[in-house]
2 protein chains.
Amino acid sequence: MTREEKKKKIKADITRNAIALFKEKGFDQVTVEEIALRSDIAKGTFFNYFSKKEHVLLHMADSYLPLMGQIFGRHRTGPVRARIECILSDLLDLYLQYADLLRITLVESIRASLAAGDEETNISRLRSAFSAFLEDAQTAGEIRTRANADDCAALLVGLLFQTLILYSSRLDAPEMRRMLVRQLDLAWEGIADATVEKNL
Amino acid sequence: MTREEKKKKIKADITRNAIALFKEKGFDQVTVEEIALRSDIAKGTFFNYFSKKEHVLLHMADSYLPLMGQIFGRHRTGPVRARIECILSDLLDLYLQYADLLRITLVESIRASLAAGDEETNISRLRSAFSAFLEDAQTAGEIRTRANADDCAALLVGLLFQTLILYSSRLDAPEMRRMLVRQLDLAWEGIADATVEKNL
DNA sequence: AGTCATAAATGACCAAGGTCATTTTTTAGT
DNA sequence: ACTAAAAAATGACCTTGGTCATTTATGACT
């Protein structure tokens, strides 16, 4: 095993053990020493792999990337609007599966994005995934041609986040899904009253 | 001075001193002991008023509430769409004025909203403010009647946050304003291609 | 195999957030 | 004014995230 491979493996080990502990006891109740112990390393070594305890969460989110790709790939047929609804719904389900953990992960992802320069972040990758999806849809003519796919993507991520922010304390899955659909409807049809719009 | 008033005063003092220090040196570079010292209280006393260091930020955000009300009250004439644009732009300016501090405040507000049950949060108040504004606009007939004002408000807050998240590392004010306008245009007119929509 | 340079692991140590038993202050009732 | 009870202040103490000088492992080159 080469040096690089070994590092990858240890980082993956730490992440796996840390996440398992977080799921068991909650993020704040797990100490770095505990993670290190279970990963057969010293506490100091942990910080050779992650500069902050929270960064484990970001790395975990990275490892969910393929799953995200899968969600976007899963819905390929039918009208774009319906497919977006399915994608949003699947992302919501994913979130709800480990809401306690992903809640903090979401916060950390936002923090990272707010601090990051031009580097990629979890959130920018989510936007990109939507953007790529929408560009395809745009060539199919189901989306306003004047609209920019990146902007549409940002709008969709924004409404997803608002839904999570508003409801994730209650974790009322059906209500969250309804809100998601209503928000998507709004974003899709527009806020403006069409009759008034036409008169301008 | 009654007991309640005294507590209010001390809490306000702590907040003022803490924020001043945060602006001087940055949140992480300020210790609770330092805040306590400057506020003429003991370190332990600080935690009688704020259970976490971060909670000072939330309380500061609360105190900005009147200013927020002012922003919403300032734009009362002209078409709704243009007024929303002005409000969003003003909120952006407010954010940019102390971006370093408000960045962490935003993160903490999101964290609080994700954890909060049904209590009010900074973010829920922002949504409510938009919602009230939009309800007025709705009676004026400039907004889809089928649309719910709360949903529109959530969509607007969502697009504001996405703009902050995407650009606040670079702090490119003009670019942020442009993105805000593009997002609002999308939300206003809808993502869907109108010609396709009609055919459905 | 032996030597050296570089990468990685380590754990003693430090700083600072947060807790809590104890002390001090305030209020209310007599 | 005196007393008892409730509220608030305090700072010693603990925990834990994070640092860093030192030690140990690794791999390249002769």
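Just so you know, these numbers come straight off a predicted model, no measurement behind them. Chain letters run A, B, ... following the sequence lines, proteins first, then strands; residues in each count from 1.
A heavy atom lying under 4.0 Å from DNA chain C marks none of the residues of residues 13-26 of chain B.
For the residue pair B:Q162/A:R127, the side-chain donor-acceptor check at 3.5 Å is satisfied.
When the shell of 6.0 Å around NZ of A:K8 is examined, it contains 12 or fewer heavy atoms from other residues, nucleotides or ligands. Annotation for A:E33: atom CD does not count as buried by contact number, only 12 or fewer foreign heavy atoms lying within 6.0 Å.
The side chain to side chain donor-acceptor pair (under 3.5 Å) check on B:S169 picks up nothing, with sequence neighbours excluded. For B:K52, the salt bridge (charged side-chain N to carboxylate O under 4.0 Å, His left out) test picks out no residue, with sequence neighbours left out. With sequence neighbours left out, A:D90 forms a side chain to side chain donor-acceptor pair (under 3.5 Å) with A:R74, A:H75. With sequence neighbours left out, the salt bridge (charged side-chain N to carboxylate O under 4.0 Å, His left out) criterion links A:D13 to A:K9, A:R16. In this structure, A:D28 has no salt bridge (charged side-chain N to carboxylate O under 4.0 Å, His left out) partners at least two apart in sequence or on a different chain.
Checking side-chain atoms of B:S39 against main-chain N and O of B:I41 turns up no donor-acceptor pair under 3.5 Å.
Five base pairs at each end of the helix from C:dA1-D:dT30 to C:dT30-D:dA1 define two local axes, and these are offset by 10° (rounded to 10°).
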Enumerate all atom pairs, one protein N or O and one N or O from nucleotides 17-20 of chain C, separated by less than 3.5 Å.
residue: C:dG17; atom: OP1; partner: B:K53; partner atom: NZ; Å: 3.2
residue: C:dG17; atom: OP2; partner: B:V32; partner atom: N; Å: 2.9
residue: C:dG17; atom: N7; partner: B:K43; partner atom: NZ; Å: 3.0
residue: C:dG18; atom: OP2; partner: B:K53; partner atom: N; Å: 3.0
residue: C:dG18; atom: O6; partner: B:K43; partner atom: NZ; Å: 2.7

Distances under 3.5 Å between nitrogen or oxygen atoms of protein and nucleotides 23-27 of chain C:
none

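Distance, A:E4 CD to C:dT6 P: 17 Å, rounded to whole Å. Summarising the geometry, the separation between CG on A:L37 and P on C:dG11 is reported as 11 Å, rounded to the nearest angstrom. Note: CD (B:E5) to P (D:dA7) measures 18 Å, nearest angstrom.
Considering A:M179, A:Q97, A:R177 as possible partners of A:L92, the one that fulfils the side chain to side chain contact (heavy atoms under 4.5 Å, CB included) test is A:R177.
The stretch residues 23-47 of chain B participates, sequence neighbours left out, in these ring-ring contact (aromatic ring centres under 6.0 Å, His included) pairs: B:F22-B:F27, B:F46-B:F50. For the salt bridge (Lys or Arg N to Asp or Glu O under 4.0 Å) condition, no pair includes a residue of residues 155-164 of chain B, sequence neighbours left out. Within the structure, every pair that satisfies the salt bridge (Lys or Arg N to Asp or Glu O under 4.0 Å) test and touches residues 151-167 of chain A, not counting sequence neighbours, is listed here: A:D151-B:R182.
Contacts of B:I35 with the nucleic acid, taken as non-hydrogen atoms under 4.0 Å apart, are absent.
A close approach under 4.0 Å does occur between a side-chain nitrogen or oxygen of B:Y49 and OP1 or OP2 of D:dA9.
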